[in-house]
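Okay, structure first, notes after.
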Amino acid sequence: MNLLMIYPAYPDTFWSFRHVLGFISRKATFPPLGLLTVAAMLPASWNKKLVDVNVTELTDEQIAWADLVFISAMIVQKDSARRIIHRCKGLHKTVVLGGPAATSQPDVFAEADHFICNEAEITLGAFLADWDNQTPRRRYASEQRPDITQTPVPLWSLIRFKDYASMALQYSRGCPFDCEFCDITAMYGRVCRTKSPQQILAEFQSLYDAGWRGDVFVVDDNFIGNRRRVQTMLAALIAWQKQHKYPFALTTETSINLADHPRLMRQMHDANFHKVFVGIESPHDESLRECRKTQNTQRDLVQSVRAIHRQGLQVMGGFILGFDSDPDSIFEAQIQFIQRAGIVTAMVGLLNALPHTRLWSRLKAEGRLLRDSTGENTDATLNFRPRMDKERLLEGYRTVLATLYSSKHYYERIHTLIRSYTPTFRNRISLRDFMAGLKSLWHIGVRSPSRFYFWKLLGAAACRRLSTVPLAIELAIYGLHFEKTTQKVLLQAAL
Ligand code: SF4
């Protein structure tokens with residue numbers, strides 16, 4: 001059996017870092033972790049090839065070689081996925097679609113032959129059994145949540161490490177919170193399921209043995225969703241990182257209550273975590289209560305962010321505009337909050353109703369849903385009727401983005417961050433990072449209109465603490481990407 005696995009293109013988004021991948025000579029930010037994991041669940045006797053169209057072109061010869069095509073897609077990749085399915089069907093191939101898009105919007109992919117919905121640990125096995133018996137059904141779905149201690153190590157041999165800026169691993173699935181707009185809990189439940197410490201260490205070891213060094217994103221929905229277990233796992237990971245001389249710099253996603261647990265933050269720092277993405281959403285308490293983001297209410301959010309920064313964990317924040325409870329002052333409040341907290345990487349999006357979320361059901365019941373979501377976080381096309389005047393909301397959104405990503409405000413946030421943040425210097429600067437630094441001197445320090453801010457930042461970082469200079473350069477490089485994506489969103493929001 002020849003199996004061709006295809007990962008569709010994702011658009012130029014805030015998190016794609018597409019405009020700065022050239023600095024480190026990489027083609028995409030993350031590998032297709034879902035497909036690599038599914039590959040490891042398939043019969044060893046199958047011949048497997050993987051084409052990630054974000055890093056290479058898909059050819060007709062590759063499609064012709066396949067007896068079966070597997071595609072995995074998120075909603076944001078649906079346009080590319082549909083084009084690929086159409087192309088494969090044109091070459092008379094059987095196409096199996098999996099991933100979040102197959103689960104939440106199967107109707108969009110009418111040309112696909114089979115759908116592996118929900119979590120593959122359960123539904124893939126049923127498909128394979130039926131495939132063997134030549135009686136495959138169109139759709140495989142299950143509400144059952146699998147025990148992920150049985151999930152295999154991803155099949156890294158299917159990708160080329162040098163195409164990617166970071167590797168990805170998953171330790172847990174699910175989140176105990178219940179934010180109204182979130183599709184994570186709808187898909188993976190509110191009980192946080194974890195892998196065993198031995199299992200996740202085996203995954204780190206597999207990456208290490210395969211030769212990867214550098215960034216690894218632990219792509220959990222909420223890494224601290226089960227605090228007791230994560231602390232046990234971290235104790236083992238700290239020892240492993242130390243023994244292997246800290247080969248991996250780690251990033252993950254957590255809820256803001258991480259700030260309430262100094263020991264846990266210290267452990268994450270000791271395990272070589274450098275960055276955490278936190279959904280902050282809004283500085284307006286009423287809006288947080290409306291979406292049931294209760295863990296963010298009744299706290300000083302700026303102080304919480306600073307507490308995390310002080311432990312050497314840089315906060316990247318997610319923010320939302322368009323809640324029913326947002327007052328007219330919300331735009332200025334968001335700007336002030338993000339600047340004061342020193343959240344350099346601040347992704348601000350309009351509220352979006354994703355399929356099967358409680359928000360989606362409420363808006364539908366209220367007759368306010370307009371269309372399917374594109375799944376893009378910074379999509380300026382609202383898919384529901386907001387309570388605030390739509391034009392006012394879009395104008396406010398444009399103001400927030402244009403202000404936050406102006407050179408002045410962006411570099412001010414880096415200054416704020418390096419004043420409160422203590423970077424850890426366990427990892428040697430790789431040749432690749434060194435070259436990226438040199439390129440930045442030319443592209444930002446000489447050619448960019450932000451050069452004045454850039455040199456001022458480098459001077460301040462060098463005077464304050466030399467070890468903050470690499471961080472300052474890294475963030476200045478990211479700034480080029482955010483500038484481009486902001487321009488794109490501003491154009492879209494103006495239409
Ligand atoms: S904390 Fe994050 S992952 Fe958890 S329910 Fe809220 S938005 Fe979803």
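For ligands, and for the atoms within them, numbers begin at 1 and follow the listed sequence.
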Next item on the list: Could you tell me whether Trp15 and Phe217 have their ring centroids closer than 6.0 angstrom?
Entry: no
Check: Is the centre of the Phe223 ring less than 6.0 Å from the centre of the Phe273 ring?
Finding: yes
Notebook entry, point to check: What are the protein N, O or S atoms, given as residue plus atom name, that sit under 2.8 Å from atom 4 (Fe) of ligand 1?
Noted result: Cys175 SG
Check: Mind checking whether Arg190 has a heavy atom under 4.0 Å from ligand 1?
Finding: no
Next item on the list: Examine ligand 1 and decide if any of its atoms is less than 4.0 Å from a heavy atom belonging to Glu281.
Entry: no
Note to self: Under 4.0 Å, heavy-atom basis, I'd like to know which part of Glu253 is in contact with ligand 1: side chain, backbone, both or neither.
What the structure shows: neither
Next item on the list: Begin from the C-alpha positions of Trp360 and Phe384 and carry the test side chain to side chain contact (heavy atoms under 4.5 Å, CB included) through to its verdict.
Entry: CA-CA 9 Å; Trp360 187 82; Phe384 72 102; over 6 Å; no
Next item on the list: Can you measure from CD1 (Ile6) to CG (Leu97) and round to the nearest 0.5 angstrom?
Entry: 11.0 Å
Note to self: Over 60° means perpendicular and under 30° means parallel, so tell me whether Phe127 and Tyr140 are parallel, tilted or perpendicular.
What the structure shows: perpendicular
Next item on the list: Identify, for atom 2 (Fe) of ligand 1, the protein heavy atom at the shortest distance, and state residue, atom and that distance.
Entry: Lys293 NZ, 3.9 Å
Check: What residue and atom, counting heavy atoms only, is the protein's closest point to atom 1 (S) of ligand 1, and at what distance?
Finding: Gln295 NE2, 3.3 Å
Item checked: Salt bridge flag under 4.0 Å for residues Glu395 and Arg398 -> no
Note to self: Among Asn54, Asp215, Asp52, which residue satisfies the side chain to side chain donor-acceptor pair (under 3.5 Å) criterion with Tyr164?
What the structure shows: Asp52
Margin query: Can you see whether Phe109 has Arg138 sitting over its ring - NZ or CZ less than 6.0 Å from the centre and within 45° of the normal?
Written below: no
